[in-house]
Number of protein chains: 2
Amino acid sequence: MTRNKELNQKIKEERRQQILSNALMLFAQRGLAATKIIDIASASDISQGLMYHYYKSKEEIFIELIRIAFDRMNEACRWLVSQPLSPREKIKFAIEELLKLLEQNEDASRYHLLIAQATASDAIPEEAKNIIKKENTFPYEAIASIIAEGQKNGSIKMYDTKELAMVFWTSINGLAIYKAVHGKKFKAPDANILASMFFKE
Amino acid sequence: MTRNKELNQKIKEERRQQILSNALMLFAQRGLAATKIIDIASASDISQGLMYHYYKSKEEIFIELIRIAFDRMNEACRWLVSQPLSPREKIKFAIEELLKLLEQNEDASRYHLLIAQATASDAIPEEAKNIIKKENTFPYEAIASIIAEGQKNGSIKMYDTKELAMVFWTSINGLAIYKAVHGKKFKAPDANILASMFFKE
DNA sequence: GTCTATATCCAGATAGAC
DNA sequence: GTCTATCTGGATATAGAC
């Protein structure tokens, strides 16, 4: 009895993951409004009606994805900040890892695109907007704090700290979008190109 | 008689421009699917029904905007290539002008965002896809050709030419999206930050 | 030219059978 | 748990009055 319940729970959880992953692909490809519930259902090989056993609405799926996207992003930033590396090494490492992720991991660039889209769009659920408002600044601040340290010890160029942090993320974002568009054909650029915005030769 | 006809034509043309401009703002803000005809009509202070005197569908408006966006972009690129400047000066100038445009011209960043969105989205009219497929490569090629020249004469770094061109546009794109999100508060970064990806010190 | 009213269509969400 | 059928609402596009 309890056995069965647990097993069912587990199956349900797996199915939810599967739906999430398909929804992520579709939202990233077409945006929230243009993605129909039935598209997600078809991609997940279930009927439209059955979707509502797993999620109570399209928006709920979207919100959960936004939450996951920021969780992962912020977790990665916290981890980066805590590494025993010099500021310069951290920035270099961050660029390299982000580019590698973009090139190799399909989901990674989709999450990026999802955030980019969601951030750029008015037409998303209120709750998603709140998550964005609350979480969006952290990656900028994390990078800015590393850059500030690097500027103090002379290893990073003396441009305005916030401007550098903005250019860091907007460049990554731009590449993530490019990747999402060009798919598997995408080859990440040499990390040194981006790095040269921050480092003296 | 002919007088009146001409005048009417002129008024109609102006109204169409007005509608286009409002539609651009809304499409950039919310995307195609999430923008309702009635939103465009309201923003233009006309009834929903009247919209159809000016455009036969929402998609037609979208397609016209995409066409304009690429016309302007490509025209600007052609102009840049033809300037009597050294490759290095051209790149520097292009960065400065693009950043200035982004900061000062509302429409400019909206057109950027529109292209970014449209390029990133599956869910746009077939005809818009065709325009994108046909026109999208030109700016990349134009910048790549300038970079190649600069590499030949030693004024631009010897990274892969296509990678540099890609990073050029994706960085601008990323900033355009950032600007579209943050609106008037946006302040463009120092052009030298971006320039340092291309130039030796 | 402009509006209001309406036909039509499509997508989200629910109900109910199996 | 899963499906099909259906309700409901909202958006596009058209018709017709002024």
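Scope of the values below: all heavy atoms of this structure, side chains included, with no hydrogens, waters or symmetry mates. Residue numbering restarts at 1 for every chain, and letters A, B, ... go by the order of the sequence lines.
- Nucleic acid contact for A/Lys58: sugar-phosphate only, since backbone atoms but no base atoms lie under 4.0 Å from a heavy atom of the residue.
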key: Derivation of the side chain to side chain donor-acceptor pair (under 3.5 Å) call for B/Ser21 and B/Gln18   = CA-CA 5 Å; B/Ser21 165; B/Gln18 202 185 354; over 6 Å; no
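- Between the OH atom of A/Tyr52 and the P atom of C/dA11 there is a distance of 12 Å, rounded to whole Å.
- Using a 4.5 Å heavy-atom cutoff, the side chains of B/Lys179 and B/Glu103 are not in contact.
- Separating the CD atom of B/Glu13 from the C1' atom of C/dG1 is a distance of 16 Å, rounded to the nearest angstrom.
- Going from atom CE of B/Met51 over to atom P of C/dC3 covers 12 Å, rounded to whole Å.
- One finds no salt bridge joining A/Lys10 and A/Glu6 here, because no Lys/Arg side-chain nitrogen approaches an Asp/Glu carboxylate oxygen to under 4.0 Å.
- Distance NZ (A/Lys12) to C1' (D/dT2): 13 Å, rounded to an integer number of Å.
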inquiry  = Checking A/Ser196 against B/Lys157 for the side chain to side chain donor-acceptor pair (under 3.5 Å) test, could you report, in this order, the C-alpha distance in whole Å, the side-chain angles of both residues, the deciding distance, and whether it holds?
reply    = CA-CA 11 Å; A/Ser196 54; B/Lys157 290 181 182 169; 3.3 Å; yes
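- For the pair B/Glu60 CD and D/dA13 P, the interatomic distance rounds to 10 Å; values are reported in whole Å.
- Atom CG of A/Leu50 and atom P of C/dA17 are 18 Å apart (whole Å).
- For B/Ile37 and C/dC10, the CD1 to C1' distance is 16 Å, given to the nearest whole Å.
- Counting distance only, with no hydrogens placed and no angle test, the side-chain atoms of B/Gln48 and the base atoms of D/dA13 include a donor-acceptor pair under 3.5 Å.
- Between B/Ser57 and B/His53, the residue whose closest nucleotide on DNA chain D is further toward the 5' end is B/Ser57.
- For A/Phe62 and C/dG12, the CZ to P distance is 14 Å, given to the nearest whole Å.
- Backbone-only contact: B/Tyr54 has heavy atoms under 4.0 Å from sugar-phosphate atoms and none from a base.
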